[in-house]
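Report on one structure; see the data block that follows.
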There are 2 protein chains.
Amino acid sequence: MPLEIRPSQALRLWRQVHLDLVRDGQADLSARQTAILLTVYLELPPHTVRGLARQLGVTKPVITRALDTLGKLGLLTRKRDEEDRRNVVIQRTVAGALAVERLGDLVTEHAKEIGAS
Amino acid sequence: MPLEIRPSQALRLWRQVHLDLVRDGQADLSARQTAILLTVYLELPPHTVRGLARQLGVTKPVITRALDTLGKLGLLTRKRDEEDRRNVVIQRTVAGALAVERLGDLVTEHAKEIGAS
DNA sequence: GGATAATGATACGGGTCCGTAACGATCTGG
DNA sequence: CCAGATCGTTACGGACCCGTATCATTATCC
């Protein structure tokens, strides 16, 4: 069954979740950083800089910088690929998994509240 | 009727929409900027710097700077309040309304695709 | 009218990020 | 084994944003 949601409900949901993210003092992630984080945690490994750049349609330095920040926040890690030492593999962390899980719960909770608008 | 969505579906939806936002070359808004934009467009006017700061739980300079950027992007405007000239009223723009509408449609479309996971 | 309060903007030093270009390290193929 | 391709990172000048503190402007209230 497809997920039914009207644009007006979608916008209210989008606002409520973003409000919560801001108010909870979470890191103020940009859309790019969020896309990278969720791709790493939802899609099958391995994840590389080049692969992420291709998926997001941005240049490699953009990914490198985003990984710097997300790494500093503890949301993911980098590791050299020993098979092909040119590659860097992006790995998940416990803190990152918790943050992603929290986001999923947040969206689900607010979706419940939205109900009939 | 409450809106039913599982955390795993919510996360996939969140990722898909963010991927689209990044790929479409939209402005790379932060969570704060998104929260401000949606608040202005979904909640009843008037909107002031102080009011937004209170709602988001951040300081006034944060709002001022976000309004600078969102204004530069043409997504909203500021106008001095003639009733009480200390206040600045944040106003909607055509471009901003279109961007918000687009976001609503984007979420709705991806929600349809999510369906049974 | 003058002290007080309230509003939004600004200054500051420091961090992040941009796009473009170049870089070192590593693998690959003739 | 060495030229070329590929990988991720770094350098650059410029822009944005941070939090804290302070600012000028305007309103309020005795």
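The sequence lines fix the lettering, A, B, ..., with proteins before strands; numbering per chain opens at 1.
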So, does [X] get its side chain near the phosphate of [N], meaning an N or O under 4.0 Å from OP1 or OP2?
{"X": "A/Arg80", "N": "D/dC7", "result": "no"}
{"X": "B/Arg50", "N": "C/dT7", "result": "yes"}
{"X": "B/Arg86", "N": "D/dA24", "result": "no"}
{"X": "B/Thr48", "N": "C/dG8", "result": "yes"}
{"X": "B/Lys60", "N": "D/dG19", "result": "no"}
{"X": "B/Arg65", "N": "D/dC18", "result": "yes"}
{"X": "B/Thr64", "N": "C/dG8", "result": "no"}
{"X": "B/Arg85", "N": "D/dT26", "result": "yes"}

- Any Lys/Arg nitrogen of B/Asp20 or B/Arg102 sitting under 4.0 Å from an Asp/Glu carboxylate oxygen of the other?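 Here B/Asp20 does not pair with B/Arg102 in a salt bridge, since their nearest N and O are not under 4.0 Å apart.
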- Task: For the pair B/Glu113 and B/Arg12, find out whether any cationic side-chain nitrogen is under 4.0 Å from an anionic carboxylate oxygen.
- Result: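 Answer for the salt bridge query: no.
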- Taking the six-membered ring where the residue is Trp, are the ring centres of B/Trp14 and A/His18 under 6.0 Å apart? yes
- Message: For the CG atom of A/Leu56 and the CD atom of A/Gln33, what is their distance to the nearest 0.5 Å?
- Response: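 Interatomic distance, A/Leu56 CG to A/Gln33 CD, rounded to 0.5 Å: 11.5 Å.
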- Message: On DNA chain C, does the nearest nucleotide to A/Asp81 precede the nearest nucleotide to A/Val62 from the 5' side, or the other way round? Give the residue.
- Response: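 Here A/Val62 is the residue nearer the 5' end.
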- Query: Considering heavy-atom distances to DNA chain D, does B/Lys72 or B/Pro61 have its closest nucleotide positioned more toward the 5' end?
  - Reply: B/Lys72
- Task: Please state how far atom CG in A/Asp68 lies from atom P in D/dA11, giving the value in whole angstrom units.
- Result: 12 Å
- Query: Rounded to whole angstroms, how far apart are CD on B/Glu82 and P on D/dT26?
  - Reply: 10 Å
